[in-house]
Structures are given as structure tokens and as C-alpha cells.
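Shown next, in C-alpha cells, is the structure this report addresses.
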Amino acid sequence: QVQLVESGGGLVQAGGSLRLSCAASGRTSSSYAMGWFRQRPGKEREFVAAISGSGGTIRYADSVKGRFTISRDNAKNTVYLQMNSLKPEDTAVYYCAAKDGSTRSNALRYDYWGQGTQVTVSS
């Protein structure tokens, strides 16, 4: 089992920045791909970004490209999501997820999930 705990959410004005962290524990492995997803009010959970175990493969949703950066520190078992130029439409609960193998944008491919952290962007 892998346990994931997100932190770093909060309230920020449009144009501001936040950095989310996801700390992994349990049967962690540097081979696990990690993803960030979000769920906006009244919407389905959607893909934001993913990173391979080595960090060599990274994917972003078109809506966040150029504004968000995913990274990982395997020595700390932690994945980060740096969010810049935030917009009100980025308001959502952000979830961290882990899966064995390669990166995927499909939430159904992920085996482990955190509890989520709220990000609210005011206009």
C-alpha cells in the first residue's frame, strides 16, 4: 500500500502562485508514476499533470501548460505541483495519485490517491 498526503492548498488571488506537495509513504517506489488531478465544483475529476518515476517523462493538460510545473524528489518521496498565474477556473480540490509503470492521464489507471487539498483562486 502507498499512502499519499497532499498539502499546500489555500486561497490566492488571480495571478498568484501556490505550490502543492504530495508526500508518499508505505510501499513507495521511485518507479511509480505520479499524477495530479483536480475536481472543480460540479465537474468530473480531470487530469492536470503527471511525471514518471525517473522524472524523464512529464505530461500536462493543455489548460495548465506553461503555468504549472510538476516535479519530484525521490529522496524525499515527494511530488510537487508549482502553480503560477492562477486563474479563478483553477479553483478545485487537487488530488495526488500514484501508479506503477508509465505516466497516464486517465484517472482510472491510478491505484493510490490522496485525500485532496482545496485550492481557491479569487478574482
Side-chain angles (χ1 to χ4, degrees):
Q1 289 289 335
V2 176
Q3 292 79 44
L4 303 173
V5 179
E6 303 97 333
S7 61
L11 174 64
V12 64
Q13 289 190 330
S17 299
L18 282 174
R19 188 176 82 155
L20 305 183
S21 299
C22 172
S25 61
R27 289 189 61 188
T28 58
S29 171
S30 59
S31 68
Y32 277 36
M34 302 294 294
W36 285 99
F37 292 78
R38 67 186 182 187
Q39 189 161 16
R40 293 182 276 187
K43 302 289 187 180
E44 298 281 324
R45 191 169 298 191
E46 63 178 351
F47 171 74
V48 175
I51 187 168
S52 63
S54 67
T57 300
I58 290 177
R59 299 172 181 241
Y60 293 104
D62 288 344
S63 58
V64 306
K65 275 181 185 175
R67 299 189 299 123
F68 290 11
T69 302
I70 189 171
S71 62
R72 66 189 296 161
D73 183 338
N74 286 338
K76 295 182 179 179
N77 291 325
T78 302
V79 177
Y80 304 97
L81 186 68
Q82 178 67 44
M83 305 186 294
N84 297 330
S85 302
L86 283 161
K87 304 175 182 180
E89 51 264 42
D90 293 318
T91 295
V93 178
Y94 283 72
Y95 297 91
C96 173
K99 66 177 296 293
D100 198 3
S102 58
T103 59
R104 289 287 187 269
S105 59
N106 186 341
L108 296 176
R109 297 296 190 102
Y110 287 78
D111 301 307
Y112 306 102
W113 291 85
Q115 82 290 346
T117 185
Q118 177 71 47
V119 171
T120 303
V121 185
S122 63
S123 56

[X] with [Y], same ILVMFWY side-chain cluster at under 4.5 Å:
| X | Y | answer |
| --- | --- | --- |
| Y60 | Y94 | yes |
| L20 | F68 | yes |
| W113 | W36 | no |
| Y110 | I70 | no |
| V12 | L81 | yes |

Exercise for review: Evaluate the criterion side chain to side chain contact (heavy atoms under 4.5 Å, CB included) for residue pair D111 and Y32; output intermediate values, then yes/no.
Suggested key: CA-CA 10 Å; D111 301 307; Y32 277 36; over 6 Å; no
Review point. What's the spacing between I51 CD1 and Y80 OH if we round to 0.5 Å?
Key: 11.5 Å
Practice item. Working to the nearest 0.5 Å, report the span between OG of S25 and CD of Q1. Key: 10.5 Å
Exercise for review: Start with the C-alpha distance between S21 and K76, add both sets of side-chain angles, then the distance that settles side chain to side chain contact (heavy atoms under 4.5 Å, CB included), and finish with yes or no.
Suggested key: CA-CA 11 Å; S21 299; K76 295 182 179 179; over 6 Å; no
For the pair [X] (side chain) and [Y] (backbone), establish whether a donor and an acceptor sit closer than 3.5 Å, ignoring hydrogens and angles.
| X | Y | answer |
| --- | --- | --- |
| R40 | E89 | yes |
| N74 | G53 | yes |
| Q39 | A92 | no |
| E6 | T117 | no |

Revision key, fill the gap. Correct closest heavy-atom pair for T103 and T57 would be OG1-CG2, 3.8 Å
Check your understanding: Which pair of non-hydrogen atoms, one from G116 and one from V93, has the smallest distance, and what is that distance?
Key -> CA-CG1, 3.9 Å
Review point. Passes side chain to side chain contact (heavy atoms under 4.5 Å, CB included), T91 versus Q118? Steps please.
Key: CA-CA 8 Å; T91 295; Q118 177 71 47; 4.0 Å; yes
**Study point:** Cation-pi, F37 ring and R45 (6.0 angstrom, 45 degrees)
**Key:** no
Exercise for review: Test M34 against L4 for side chain to side chain contact (heavy atoms under 4.5 Å, CB included), laying out the working first.
Suggested key: CA-CA 10 Å; M34 302 294 294; L4 303 173; 3.9 Å; yes
Practice item. Answer with yes or no whether the side chains of S102 and R104 bring together a donor and an acceptor at under 3.5 Å. Key: yes
Point to revise | Candidate pair D90 and K87, rule salt bridge (Lys or Arg N to Asp or Glu O under 4.0 Å), full reasoning | key: CA-CA 5 Å; D90 293 318; K87 304 175 182 180; over 6 Å; no
Check your understanding: Near R67 CZ, under 6.0 Å, is it more than 12 heavy atoms from other residues, nucleotides or ligands?
Key -> yes
